[in-house]
Amino acid sequence: MGTARAMPLLVMKFGGTSVATPDRIKRAAKRVAREIANGYDVICIVSAMAGETNKMVGYVNEIAPFYDAREYDAVVSSGENVTAGLMALTLQEMGIPARSWQGWQVPILTTSAHGSARFIDIPNDNINAKFAEGMKVAVVAGFQGVSKEGRITTLGRGGSDTTAVAFAAAFNAERCDIYTDVDGIYTTDPRITAKARKLDKIAFEEMLELASLGAKVLQTRSVELAMRYGVRLRVLSSFEDNNENAGTLVCAEEDIVESKAVSGVAYSRDEAKLTLIKVEDRPGIAAAIFGPLAEAGVNVDMIVQNISEEGHTDMTFSCPVDQVKRAEKAMNEAKTRGDFAFEDLVADTDVAKVSVVGIGMRSHAGVAAQMFKALSAERINIKVITTSEIKISVLIDRKYMELAVQALHDAFALEKA
Ligand code: ASP
Ligand code: MG
């Protein structure tokens, strides 16, 4: 963990669109220069220039559809190396002492799970020694590390966010600023309602629950890591002039003084609902159903078991629509094996999930009732309901999804701060 430092430290991460051209790298470098002028040392995490990683993934698949994952990582990690060097050069041209670091040079030690590696250790002595010698910016290639076998690894798409948070934790940074092409996290998707409002602050838990709104902005794992280590994360645009309150701060619940019952409305368009009709109701039946589904790689989300009648019950679950075939196969195979019996398996592939999320639900009563009332006013039928402490989700017909999001956004007055 962080050692005592002369200067406060900031982690600044620039995503692919923010470093897409030499000109944009210069603009990003100017932001770094401003923080240096504010008295910070900076660890600057960079993504590959926009489009580069996709291009390289394409090359790999063209040459070897069943590729050796170690070589996949050797290829796709390289985009970040280019940006790191270019950013260090840009800063040097501006007279700022900067040095680039590839993952293995830090060294960022990860697991050997190529393509989805996880951090094991980020030692800070090498980089801190350079800061002590007067370096002002360590530019670190995001998305990559090195395994104990000495091979280059990558963290999964979007992994530079997670690199940034891990460095903020390892070096005890004051904050981790994620510069991207949107100006923050919104109450809902602005493409669905123009009333969507940028949030000034959002709790880690809410951010994780709002994955459908935030996942394109922040890799989920980066939020989990930030929550675990209490890293204050700020998401902000690299295309605007940002003032003190720019962007959205993703932070601990305690840092949010007053919260409304609902902070945001999330959705997931491509869901399916499957119901096993008349399965025997006996101990072990849920395990017998969901074990094979897990083994088949079906991501089960909602689960509802009906009350039982004459020793039989209906079991309903939801999963992504493109996994329905896999789920049906797993269930029919289990039936053939004699694991359990059921009368029928009914799939509804035209559903969407809409959720209201907010830590304020812990202290506000009646949120569910208000949600159902808003949906009923639009004559939207609810097919499945699930709740957690900070989220209420419903499955509805897909064709009403946008309408439901708009109705709920209005019902909870999310356009108002
Ligand atoms: N360049 C990598 C990707 O596109 C990592 C990142 O940008 O976060 O997935
Ligand atoms: Mg990203």
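Numbers here are sequence positions counted from 1.
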Before giving the answer on salt bridge (Lys or Arg N to Asp or Glu O under 4.0 Å), spell out for Lys391 and Glu209 the whole-Å C-alpha distance, their side-chain angles and the decisive distance to 0.1 Å.
CA-CA 7 Å; Lys391 173 161 105 167; Glu209 295 286 16; 3.1 Å; yes
Could you go step by step and tell me if Asp348 and Lys383 meet the salt bridge (Lys or Arg N to Asp or Glu O under 4.0 Å) rule?
CA-CA 10 Å; Asp348 180 351; Lys383 302 187 163 200; 2.7 Å; yes
Just do the salt bridge (Lys or Arg N to Asp or Glu O under 4.0 Å) check on Lys399 and Asp350 with the steps written out, would you?
CA-CA 8 Å; Lys399 61 174 185 267; Asp350 287 319; over 6 Å; no
Salt bridge (Lys or Arg N to Asp or Glu O under 4.0 Å) assessment of Lys201 paired with Asp255
CA-CA 9 Å; Lys201 284 182 177 182; Asp255 290 340; over 6 Å; no
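Figure legend: cation-pi geometry between Lys335 and Phe342, with NZ or CZ positioned under 6.0 Å from the six-membered ring centre and within 45° of its axis.
A pairwise comparison of heavy atoms in His409 and Val265 identifies N-CG2, 4.1 Å as the closest pair. Pairing each heavy atom of Ala164 with each of Lys13, the nearest pair is CB-CB, 3.7 Å. Scanning all heavy atoms of the two residues, the minimum distance from Ser112 to Ser147 falls at OG-CB, 3.7 Å.
In terms of modelled atom types and a separation under 3.5 Å, the side chain of Thr248 and the main chain of Val235 share no donor-acceptor contact.
Ring-plane geometry between Phe171 and Phe167 is classed as parallel, the angle between the planes falling under 30 degrees on a 0 to 90 degree scale with a further cut at 60. Aromatic ring orientation, Phe290 versus Phe317: perpendicular (interplanar angle above 60°, classes split at 30° and 60°).
Enclosure of atom CZ in Arg197 by more than 12 non-hydrogen atoms of other residues, nucleotides or ligands within 6.0 angstrom is indicated.
Residues satisfying the salt bridge (Lys or Arg N to Asp or Glu O under 4.0 Å) test with Arg175, not counting sequence neighbours, are Asp177.
Summarising the geometry, atom CE belonging to Met207 is positioned 11.5 Å from atom CG belonging to Leu249; distances are rounded to the nearest 0.5 Å.
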